[in-house]
Amino acid sequence: MKRVVIGVVSLAGTGVVVARWLASRHRGPSPVRDPRERHRWMAVTIYCRPDDVAPDGRLPRPLADLDVEVRIEKAPGDRGTELYARPRMPMPMGRAAVLARLRGEHPREQVRTALRQVKSLIETGEVLHPDPDLSRPRPARIGRPMAKVVDMALARSAGEERL
Amino acid sequence: MKAVCWQGVGELTVERVPDPGILNGQDAIVKVLATTTCGSDLHLLGGYVSSMRAGDVIGHEFLGEIVETGPDVRRHRPGDRVVVCSIIGCGRCWACRHDLWSLCENSNPTPDLAETVWGGATAGVFGFSHMMGGFHGSHAEFIRVPFADHNAFPVPEGVEDTSALFTSDAAPTGWMGADLGGVKPGDVVAVWGCGAVGQMAARAAMLLGADQVISIDRFPERLAMTARHVGAEVVDYTATDVLAELRERTGGRGPDVCIEAVGMEAHGVGPDHLYEQAKQRPGTGQERPFALQEAILACRPGGSVFILGVFAGAVDRFPLGAMMNKGLTVRGAQQHGHRYIPMLLDRVARGELVTSHLATHIMPLDEAPAGYDMFRDKKDGCVRVVFRPDM
Ligand SMILES: NC(=O)c1ccc[n+]([C@@H]2O[C@H](COP(=O)([O-])OP(=O)(O)OC[C@H]3O[C@@H](n4cnc5c(N)ncnc54)[C@H](O)[C@@H]3O)[C@@H](O)[C@H]2O)c1
Ligand SMILES: [Zn+2]
Ligand SMILES: [Zn+2]
């Protein structure tokens with residue numbers, strides 16, 4: 001993923017623009033910058049009872065391996081259990097944040113991934129591996145390099161409201 | 001092994017790719033016996049679905065034989081002949097347990113793009129872009145089937161491959177349109193599109209008790225096939241005013257349930273078509289909703305419209321006023337196949353649901369690029385091309 005993003009960026013000669021766009025926090029329909037962006041809880045709803053999420057108060061892995069604050073609540077109706085988490089460690093800012101995201105090392109992204117994995121492990125007993133990527137390392141010949149750049153950039157896991 | 005790979009807009013090639021292996025304990029490896037073209041693939045080929053990458057294996061409607069199972073597969077063993085749902089479900093999340101399988105919360109390992117663009121992700125789908133999990137498709141000699149206990153269904157003995165095959169995608173999709181569109185005994189139902197999906201929707205409406213089913217398309221062979229094998233009334237939209245025709249055939253009311261089985265590349269007539277076509281360039285996210293517009297205008301006040309055709313981005317001139325003021329219920333979904341497939345296989349076995357006529361062409365995998373040209377251009381009466389890797 002990293003390699004492809006960088007490849008496309010240099011190919012399109014739009015590296016600077018894209019980097020700025022990546023760093024911009026004004027995405028989505030909201031015209032207002034989210035003042036709580038870096039502190040929001042991320043959450044998954046798991047289809048099980050609260051006791052099954054943290055038996056004897058022990059957090060499930062891989063969430064247990066991270067430096068996180070955690071909250072567990074019963075979900076409304078028959079929806080199961082809400083598992084909330086957010087990183088305790090200091091958040092990278094600006095360019096460092098962009099780089100951390102591209103490397104998949106951003107603390108929020110790690111927490112988000114861990115939440116998804118916990119949900120899948122509890123519900124299904126495994127975390128589904130993607131099929132190996134067979135695509136060629138060069139960008140697709142589809143005549144729309146800019147759209148491609150946007151696709152790739154969007155896939156960078158920044159929309160954190162949902163998991 | 002051999003596989004059919006997407007290379008770019010309108011470009012498919014047959015390549016040698018590594019054989020799939022078991023990656024999760026609940027996976028099975030299926031040797032593909034029959035795999036077929038779907039209208040959804042045309043949207044990929046047209047370049048209208050973002051997040052395809054050169055080299056991606058396409059295909060999602062298929063049937064095969066299990067050749068290997070992971071240690072946690074309980075319900076299948078090597079040698080089983082199975083039809084596999086095009087949508088991948090885990091069977092245990094809230095969505096799967098509520099029979100909303102295409103919304104499975106655990107089967108899409110790459111949900112980020114969909115979450116950003118749509119505000120939420122779908123299940124994984126075989127051979128259907130990296131937005132839907134990046135899974136390899138079925139136009140190949142072998143395929144890995146995740147959560148095999150939930151996604152593979154045994155085919156009753158005596159049912160031919162080329163009949164059972166369509167219970168993977170076209171038949172459950174059509175059935176869902178009629179079922180979730182709310183078709184009840186005595187209803188009048190109109191279906192836009194006489195492809196495999198539209199034909200199956202029309203047949204489902206009848207089996208659910210509709211009094212009258214009217215199918216709309218422009219290809220004479222498809223209209224004739226729908227009249228003959230499905231038993232629906234048919235309307236050629238290039239030869240008549242569809243809205244007037246439907247009013248006249250329904251006592252002035254309009255259909256109770258309208259099912260759209262056309263999708264984002266709908267064909268239209270007149271200047272509107274040229275305008276919409278000019279706007280719809282790959283990557284712009286603008287799609288052509290002619291059939292959907294017509295369905296909403298045709299539907300009787302208080303009726304329901306179900307969108308089976310695939311859309312991925314935005315449409316212009318959506319008749320929101322008609323929908324709101326006529327009090328319509330509009331729904332859509334990728335198919336929740338798992339809730340219907342066993343029942344559909346039973347109906348195929350009993351002869352209540354006929355699907356074999358959809359397989360108008362059968363070819364070896366090597367001929368897939370030519371097969372897709374024919375399917376796209378609807379040449380030679382083509383409705384579905386079935387590829388047999390063993391041919
Ligand atoms: N919801 C799902 O899970 C699901 C599953 C399978 C397919 N699909 C979608 O269903 C749609 C149909 O699939 P298919 O395999 O039958 O495709 P197809 O290409 O074989 O058939 C589409 C038919 O629509 C007709 N059509 C085009 N414009 C029309 C119009 N304005 N009015 C009436 N008919 C019109 C065409 O002539 C053609 O016969 C596609 O959009 C496909 O992506 C959705
Ligand atoms: Zn399909
Ligand atoms: Zn699920």
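Values below: every heavy atom of this structure, side chains too, minus hydrogens, waters and symmetry copies. Labels below follow one simple rule: chain letters A, B, ... track the order of the sequence lines, proteins then strands, and each chain is numbered from 1.
- How far OG1 of Thr124(A) is from CD of Glu105(B): 11.5 Å, rounded to the nearest 0.5 Å.
- Remark: Phe147(B) CZ to Glu126(A) CD distance equals 5.0 Å, nearest 0.5 Å.
- Of all non-hydrogen atoms in Lys119(A) and Cys93(B), the two that sit nearest each other are NZ-CB, 4.5 Å.
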#### Entry: Evaluation steps, side chain to side chain contact (heavy atoms under 4.5 Å, CB included), between Asn106(B) and Tyr47(A)
CA-CA 11 Å; Asn106(B) 293 314; Tyr47(A) 201 42; over 6 Å; no
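- Heavy atoms only, all atoms of each residue included: Gly134(B) and Asp131(A) are closest at O-CB, 4.2 Å.
- Closest approach of Leu23(B) to Pro132(A), counting heavy atoms only: CD1-CD, 4.1 Å.
- Counting non-hydrogen atoms of other residues, nucleotides and ligands closer than 6.0 Å to CZ of Arg77(B) gives a total of 12 or fewer.
- Of the two parts of His130(B), only the side chain, counted from C-beta on, holds a non-hydrogen atom closer than 4.5 Å to a non-hydrogen atom of chain A.
- Pro146(B) is not listed as a side-chain neighbour of His129(A), based on a closest heavy-atom distance of 4.5 Å or more.
- With contacts defined as side-chain heavy-atom distances shorter than 4.5 Å, the pair Pro111(B)/Arg116(A) qualifies.
- Expressed to the nearest 0.5 Å, how far CG of Asp133(A) lies from CZ of Arg53(B) amounts to 5.0 Å.
- Side-chain contact between Arg112(A) and Asp112(B): present, with at least one pair of heavy atoms (C-beta onward) separated by less than 4.5 Å.
- Within 6.0 Å of CZ in Arg71(A) there are more than 12 heavy atoms belonging to other residues, nucleotides or ligands.
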Given the rule in the side chain to side chain contact (heavy atoms under 4.5 Å, CB included) test, do Leu134(A) and Glu15(B) qualify, once you have shown the distances and angles that lead to the verdict? CA-CA 11 Å; Leu134(A) 297 181; Glu15(B) 307 280 344; over 6 Å; no
